Structure formats: structure tokens, C-alpha cells
**Q** 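Below you'll find the structure I mean.
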Amino acid sequence: MLRLLTSCGTRVLGSSARARPATGLCLPGRSPSRPASDVPRNHPPSSEFVARSVGICSMMRLPVQTSPEGLDAAFVGVPLDIGTSNRPGARFGPRRIREESVMLRTVNPSTGALPFQSLTVADLGDVNVNLYNLQDSCRLIREAYQKIVASGCVPLTLGGDHTITYPILQALAKKHGPVGLLHVDAHLDTADKALGEKLYHGAPFRRCVEEGLLDCKRVVQIGIRGSSATLDPYRYNRNQGFRVVLAEDCWMKSLVPLMAEVRQQVGGKPLYISFDIDALDPAYAPGTGTPEIAGLTPSQALEIIRGCQGLNVVGCDLVEVSPLYDLSGNTALLAANLLFEMLCVLPKVTTA
């Protein structure tokens, strides 16, 4: 069925691309040379010719591969939520995001981005995780992503709770060195411990700082809000050199000027985008584990991501979608659209 669906979609778009043979996500292999610009690439099938209800549940109904070899970018699911401190269910986030991504099309007319004419993209499926051991899950994630980034493929991750960003950044820093970070979230995620544990979704960036994975002068956190245990919960982050932008500083305004400042701060060095869906107001994204009132709007989320166009983005994630609290599917639909926007700002993507 996948082969039939893929051939239908590529025939419509004037291409005969097919998914490459699967050789295993975590197996070592030699990366082939990148395809020339005139070589057909994977295209999601058009709903003009293939009904949206038809086909395997992959991100944007792209071909599914188990190897990153030959890909410029790939969607990857990490169905883990045992690092969650409140409502569970983010383990089901990747699947639900893929279901809602059936609404997405291939071109971004607002920005002119042509991702599927510029890049070879596929869905790599899910990283295997150990739901009984968070440390072991982080090891599995780190090892899988080391192979993805070593192949030259840029990962766009469907989470999963925010713990997963820590092992992903371990893998990316191994290749790129300390990276800049655009972190969009309601929470700082730099706590030290919870219930005596140092590894959970409230602490990934504290662990990253300790291991030297981040270029701290190029870290920006946007959307931070909510009650706190102290009057100055931002002290640790600002002491590291992070720029912390509170949600109230974003209310009722465009974030285009802010992103102009962010672009200057992060420069042309490697940048990772980590987007927690709870950065958005729960009126728009109720399906998450730790919601906070008075958050960002979807239009502001688009301004943030589109503001990264032209930057050296080496990876992205969208985390904390919990379908159990997302009865309408709106949170997952929003997440799917934001992941598409992230794809559209990758460095090799051309614009019309």
C-alpha cells in the first residue's frame, strides 16, 4: 500500500521517486552522495488524486524508511512520556500528530518555501524506547540520533515529553559541538531535581548546560510563564547567559521584531529549535501535560519559526502533545503544522 500511495503522489507531481530500501535505523552504513537537483524526490501524495483517508499513517503520508541514508531531512517519532511530572499521554503524541498531518500540503505560499522540491524527506518511524527505564530510553534515543545526524540527515522530532531533547542534543553536539537553542515553552526546563531524580522533563536543559552541549550565549527561551516556587525563577538561566522572554512580554504584539533580535544573537552557527506545545495558550492547545494560561497564539508561533529562515538549523523537535487531553485533535493538528513550518526553514530549502 505504501508503494502504491507513494507512486500515486509522485506521479501527480511529475516524479517517480520511491522510498529507498530499509536497512535499519540504528545500523551503521555508508552515506551515499546527495541526489542532484534534477533527481526526483519524495513528495506527499496530493488529495486531488489520493483520498486523505488512504494510506499508511506516516508524517504527511511520506514514504517510511528505517534508514536515514540518502535523506536530507526526516521526521522521527520518540513516543516517550515516563519523564512527565503531571498528566501522561505524550507517548501517543507522534502517532496522533501523524494522523492530523494528512491535512498538510507540499508548498508554503506564505513564505514561498518549497521543501519537497529542495530536500529528500521521509518518515523514519519511531525510535524504540524503554518505558520502564528512563536512563535506558535516553541511551536508545542518543544512539539512534547519532546515526541520523552522522548520515547528514536533519531530524525533525515528534515527541514525546521534553526529556527527549536531552539525548537528542547529546547526539547533535557530538557532531556540531555546542549548539545554539531556540526554546519555545511555558517552562524553563532547567530544574535540578524532582523527587530526587535529575532526569525528567523539567530538567533537560540543566543537564545540557552541565555537559557543555549548549552555546549558552546563543540560547533564547520564549513564552515562559506561570506560577513558581521562588520570586526569581529565571536566575539560573540568566546567569548562564540565556535570554529569557516572558509570555507577558509577548502579549498582544507581533514577534517579528523579537525574532530579528534573535537572529542577530544566534548568528550563523548551528541552531536547534525545541518547541513545547504548552508554549501556546491552552485555548489553542489543550492536549498537553502541564498547561499554563495566557500563552502564545498560533500566529505568534508561526512568526517565531518563520523568523528562523536563513539560520543554520540542524534539528528541531515538537514535544508534549498528549492526545488524551486533545479530544478535538486541534493540538495535534497545530503540532503537525508547526513541524511543517520547521521543515520549511531548514537551510537547503529554496523559496519561490
Side-chain angles (χ1 to χ4, degrees), residues 59 81 84-90 92-94 96-101 103-104 108 110-111 156-165 181-189 201-202 204-205 220-228 243-259 262 272-308 316-345:
M59 187 66 181
D81 66 358
T84 304
S85 59
N86 192 38
R87 305 190 304 197
F92 303 115
R96 193 71 176 99
I97 294 169
R98 287 182 172 109
E99 289 175 359
E100 294 298 333
S101 74
M103 284 298 298
L104 295 170
N108 191 331
S110 296
T111 65
L156 299 105
T157 302
L158 293 64
D161 74 55
H162 222 149
T163 313
I164 69 174
T165 306
L181 174 69
L182 177 61
H183 173 211
V184 190
D185 202 324
H187 309 101
L188 295 164
D189 289 355
H201 75 161
F205 301 116
V220 180
Q221 298 180 295
I222 303 175
I224 308 302
R225 63 190 188 279
S227 55
S228 173
R243 178 175 182 178
V244 180
V245 181
L246 305 183
E248 48 259 50
D249 295 328
C250 302
W251 290 346
M252 310 300 290
K253 65 177 68 172
S254 168
L255 299 188
V256 171
L258 169 64
M259 289 309 298
V262 170
Y272 187 82
I273 302 173
S274 186
F275 201 115
D276 189 322
I277 202 68
D278 71 24
L280 299 176
D281 192 275
Y284 305 107
T288 191
T290 317
E292 302 281 359
I293 68 166
L296 304 178
T297 67
S299 58
Q300 289 176 318
L302 293 181
E303 288 178 327
I304 291 170
I305 297 172
R306 290 175 182 177
C308 295
C316 313
D317 65 49
L318 191 294
V319 297
E320 298 285 359
V321 172
S322 182
L324 300 177
Y325 305 95
D326 187 33
L327 300 183
S328 68
N330 283 352
T331 307
L333 176 63
L334 180 52
N337 276 271
L338 295 181
L339 282 159
F340 172 69
E341 294 284 341
M342 293 176 189
L343 174 67
C344 289
V345 302

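This chain uses plain numbering: 1 for the first residue, then up along the sequence. What you see below is based on every heavy atom in this structure, not just the backbone, and it leaves out hydrogens, waters and symmetry mates. Bear in mind that the values here come from a model prediction, so they are computed numbers and not experimental data.
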**Q** Carefully, step by step, assess Leu338 and Leu302 under the rule side chain to side chain contact (heavy atoms under 4.5 Å, CB included).
**A** CA-CA 7 Å; Leu338 295 181; Leu302 293 181; 4.0 Å; yes
**Q** Would Glu320 and Thr290 count as a side chain to side chain donor-acceptor pair (under 3.5 Å) here? Give the steps.
**A** CA-CA 8 Å; Glu320 298 285 359; Thr290 317; 5.6 Å; no
**Q** How close do Ala279 and Phe275 get, counting heavy atoms only, and between which atoms?
**A**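 For Ala279 and Phe275, the tightest heavy-atom pair comes out as CB-CE2, 4.2 Å.
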**Q** Side chain to side chain contact (heavy atoms under 4.5 Å, CB included) between Ile97 and Met59: does it pass, once the steps are laid out?
**A** CA-CA 8 Å; Ile97 294 169; Met59 187 66 181; 4.2 Å; yes
**Q** Identify, with sequence neighbours excluded, every residue that meets salt bridge (charged side-chain N to carboxylate O under 4.0 Å, His left out) alongside Arg243.
**A** Glu261
**Q** How far apart are the closest heavy atoms of Val321 and Ala335, and which atoms are they?
**A**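 Shortest heavy-atom separation between Val321 and Ala335 comes out as CG2-CB, 3.8 Å.
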**Q** Are the side chains of Leu296 and Tyr284 in touch, meaning some heavy atoms are under 4.5 Å apart?
**A** no
**Q** Give a yes or no answer on whether the side chain of Asp189 reaches the backbone of Pro204 with a donor-acceptor pair at less than 3.5 Å.
**A**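 No; judged by distance alone, with no hydrogens or angles, the pair does not exist.
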**Q** Are the side chain of Gln300 and the backbone N or O of Lys253 linked by a donor-acceptor pair below 3.5 Å?
**A** yes
**Q** So, does Asp81 use its side chain to make a donor-acceptor pair with the main chain of Pro88 at under 3.5 Å?
**A** no
**Q** Any luck finding a side-chain donor-acceptor pair between Asp326 and Thr331 under 3.5 Å?
**A**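 Yes, side-chain donor-acceptor contact under 3.5 Å.
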**Q** Side chains of Glu99 and Pro323, heavy atoms from C-beta outward: is any pair under 4.5 Å?
**A** no
**Q** Measuring only between side-chain heavy atoms, which start at C-beta, is Cys308 closer than 4.5 Å to Met259?
**A** yes
**Q** Going through the checks in order, is the side chain to side chain contact (heavy atoms under 4.5 Å, CB included) test met by Leu246 and Arg225?
**A** CA-CA 6 Å; Leu246 305 183; Arg225 63 190 188 279; over 6 Å; no
**Q** Of the options His183, His201, His187, which is the one that meets His162 in a ring pair (Phe, Tyr, Trp, His ring centres under 6.0 Å)?
**A**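 Checked His183, His201, His187 against His162; only one passes ring pair (Phe, Tyr, Trp, His ring centres under 6.0 Å): His183.
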**Q** Do Asn337 and Leu104 come within less than 4.5 Å of each other through their side chains, counting heavy atoms only?
**A**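 Counting from C-beta outward, Asn337 and Leu104 do come under 4.5 Å.
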**Q** What pair of heavy atoms forms the shortest contact from Ile164 to Thr157, and how long is it?
**A**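 Result for this residue pair: CD1-CG2, 3.8 Å.
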**Q** Minimum heavy-atom separation for Pro94 to Gly159, with atom names?
**A**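 Result for this residue pair: CD-O, 3.3 Å.
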**Q** Do other residues, nucleotides or ligands put more than 12 heavy atoms under 6.0 Å from Ile293 CD1?
**A** no
**Q** Report the distance from atom CG of Leu158 to atom OG of Ser101, rounding to the nearest 0.5 Å.
**A** 8.0 Å
**Q** What are the two closest non-hydrogen atoms of Thr288 and Pro291, and how far apart are they?
**A**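 Closest heavy-atom pair between Thr288 and Pro291: O-CD, 3.9 Å.
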**Q** With a 4.5 Å heavy-atom cut-off, do Asp278 and Glu292 have their side chains touching?
**A**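 Asp278 vs Glu292: side chains apart.
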**Q** Do Gln221 and Asp185 meet the criterion of a side-chain donor-acceptor pair at a distance under 3.5 Å?
**A** no
**Q** Decide yes or no on side chain to side chain contact (heavy atoms under 4.5 Å, CB included) for Thr165 and Phe205, but give the supporting numbers first.
**A** CA-CA 8 Å; Thr165 306; Phe205 301 116; 3.8 Å; yes
**Q** Please report the interatomic distance CD1(Ile224) to CG(Leu188), rounded to the nearest 0.5 Å.
**A**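 Answer rounded to 0.5 Å: 4.5 Å.
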**Q** Search all heavy atoms of Asp281 against all heavy atoms of Ala294 and return the closest pair with its distance.
**A** OD2-N, 2.8 Å
**Q** To the closest 0.5 Å, what do you measure between OG (Ser322) and CZ (Phe92)?
**A**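 If I round to the nearest 0.5 Å, the distance is 9.0 Å.
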**Q** Find the distance between OG1 (Thr84) and CG (Asp161) and round it off to the nearest 0.5 Å.
**A**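 Taking OG1 in Thr84 and CG in Asp161, the distance rounds to 4.0 Å.
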**Q** Could you give the distance from CG (Leu258) to CD (Glu303), rounded to the nearest 0.5 Å?
**A**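 That separation rounds to 9.5 Å.
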**Q** When rounded to the nearest 0.5 angstrom, what is the spacing between CG in Leu156 and CD1 in Ile273?
**A** 8.5 Å
**Q** Less than 4.5 Å apart, side chain to side chain, heavy atoms only: is that true for Val245 and Val262?
**A** no
